[in-house]
Number of protein chains: 2
Amino acid sequence: MQPVGSPTPSESRSDDLAAWGSVRDRLRERGLRWTPQRRALVAVLSQTRGHVTGADLVERCREQDPSTIPSTVYRTLDVLEELGIVRHGHGPDGREEYHVLPDAEHGHLHCRGCGAAWEITADEGASIVATLEAARGFAVDLSHVTIVGRCRACR
Amino acid sequence: MQPVGSPTPSESRSDDLAAWGSVRDRLRERGLRWTPQRRALVAVLSQTRGHVTGADLVERCREQDPSTIPSTVYRTLDVLEELGIVRHGHGPDGREEYHVLPDAEHGHLHCRGCGAAWEITADEGASIVATLEAARGFAVDLSHVTIVGRCRACR
DNA sequence: GCCGTTATTGCAACTCATTGCAGCAAGACC
DNA sequence: GGTCTTGCTGCAATGAGTTGCAATAACGGC
């Protein structure tokens, strides 16, 4: 029932350290604090591309520091989301799914057949947004959209 | 954080008893069984319109029979979904959300501001399906689509 | 370097949902 | 009505995520 390993790219080797380095200051500016726990999560995130589930992040943090507490991770993710550093949506099974530093707002496409996932391109997204905007003045939060179906290969 | 009472219509007074009456036979045809627990859930569903969360259904069943077990309810919902009697998607918070006997496949729209929910009309849906179909041959499962954003009133 | 304010943490309890398994009971057959 | 097959149920344990609260520790000021 669970797709066996998503083909989604998810690791990057050369990280935009500059972007990540500013996180500390962005927090401080708002009177928030730069704690070891947050440092650890940010370190994990900086090595991540694409989609990760919350549980995934908890586990990766735990690899570095086994004493990591889940609630702390989730709360930190909330904070980082407010800063616009991560975004979260929900996978086809309803699980939390985070994506890191999106270049642009984008939704996700999940194939029920092979479990693969893609980002919805700006064009495709724009068309969806436009449809609902025109029809009823609804402002779509594209980054939270997950559409499930079957991809060309699986049909 | 939790929207205070959704304006979504969700109760119906006169039920299509005919449709619900056939459930027993549809199960039997497939070699499945018509048990008291299933009868109870179907009774609850027959009085429901629109969206309900899984937890909601469990609770409503429990009102009728306090000995109701959650796993039984969820498993029965799975069966009913296979029969096409209910559909499920995930709400803006990722929770299971069931809708009953859809007249047609349709997705949902959730306003982050007021918590209201609407069905995506056939026209709007068709446009979304067409976009992704054309762009990459992806067959959207419209009934599982939930789009979050802000409605006209809340912007 | 010490202090005080207050954002965060750790923990425990809780909610929603899923799963494995052994015993139970629908419903077909006689 | 009795029997047998096997689809269900009940239960207990597990996983993901959230929340309330008391104790802790960032970090700005002196």
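Keep in mind it's a predicted model, so treat the numbers as computed, not measured. Note on naming: letters A, B, ... go to the chains in the order of the sequence lines (proteins, then strands), and numbering restarts at 1 for each one.
- Rounded to whole Å, atom C1' of D:dT9 lies 14 Å from atom CG of B:L41.
- Atoms CD1 (A:I69) and C1' (D:dA23) sit 14 Å apart, rounded to a whole Å.
- Between B:H106 and B:H99, the ring planes are tilted. Angles from 30° to 60° get that label.
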Checklist entry - Which nucleotides of nucleotides 22-30 of chain C have their base under 4.0 Å from a protein heavy atom (B), which only their sugar-phosphate (S), and which neither (-), written as one string 5' to 3'? => result ---BBSS--
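- Atom-to-atom, CG of A:L77 to C1' of D:dT18 comes out at 13 Å; the value is rounded to the nearest Å.
- Nearest to the side chain of A:R95, among D:dG17, C:dT19, D:dG20, sits D:dG17.
- If you take NE2 of B:H90 and P of D:dG17, they are 12 Å apart, rounded to a whole angstrom.
- Among the heavy atoms of the strands, none lies under 4.0 Å from A:G94.
- Each of B:E97 and A:R75 lies near DNA chain C, and the nucleotide nearest A:R75 is the one positioned closer to the 5' end.
- Judged purely by distance below 3.5 Å, without hydrogens or angles, the side chains of A:R62 and A:S67 never pair a donor atom with an acceptor atom.
- In this structure, A:Q37 reaches the C:dG10 phosphate: one of its side-chain N or O atoms is under 4.0 Å from OP1 or OP2.
- Close to D:dG10, at under 4.0 Å from its OP1 or OP2, lies a side-chain N or O of B:T72.
- Below the 3.5 angstrom threshold, one finds no donor paired with an acceptor across the side chain of B:T53 and the base of C:dC16.
- Atom C1' of nucleotide C:dT8 and atom CG of A:D78 are separated by 13 Å, given to the nearest angstrom.
- An OP1 or OP2 oxygen of D:dG17 is reached within less than 4.0 angstrom by a side-chain nitrogen or oxygen of A:Y74.
- Checked against C:dT9, C:dC16, C:dC21, the side chain of A:T76 finds its nearest nucleotide in C:dT9.
- Among residue pairs with one or both ends in residues 33-46 of chain A, none qualify as salt bridge (Lys or Arg N to Asp or Glu O under 4.0 Å); sequence neighbours excluded.
- Taking the six-membered ring for Trp and thresholds of 30 and 60 degrees, B:H51 and B:H110 have ring planes inclined between 30 and 60 degrees apart.
- Applying the ring pair (Phe, Tyr, Trp, His ring centres under 6.0 Å) criterion to A:Y98, with sequence neighbours excluded, gives A:H88.
- Taking 3.5 Å as the limit, the base of D:dG7 and the side chain of B:R30 contain no donor-acceptor pair of atoms between them.
- B:V42 meets the side chain to side chain contact (heavy atoms under 4.5 Å, CB included) test with B:W20, B:V23, B:W34, B:L80; sequence neighbours excluded.
- In terms of phosphate contacts, A:R38 brings a side-chain nitrogen or oxygen within less than 4.0 Å of OP1 or OP2 of C:dT8.
- Take B:E124 and apply the side chain to side chain donor-acceptor pair (under 3.5 Å) test, not counting sequence neighbours, and it matches A:R136, B:T121.
- Atom pair A:E59:CD and D:dG15:P shows a separation of 11 Å (rounding to whole Å applied).
- When the salt bridge (charged side-chain N to carboxylate O under 4.0 Å, His left out) test is applied to B:D56, no partner is found at least two apart in sequence or on another chain.
- The distance from atom CG of A:D93 to atom C1' of C:dT18 is 11 Å, rounded to the nearest whole Å.
- Atom CD of B:E96 is separated from atom C1' of D:dG17 by 14 Å (rounded to the nearest Å).
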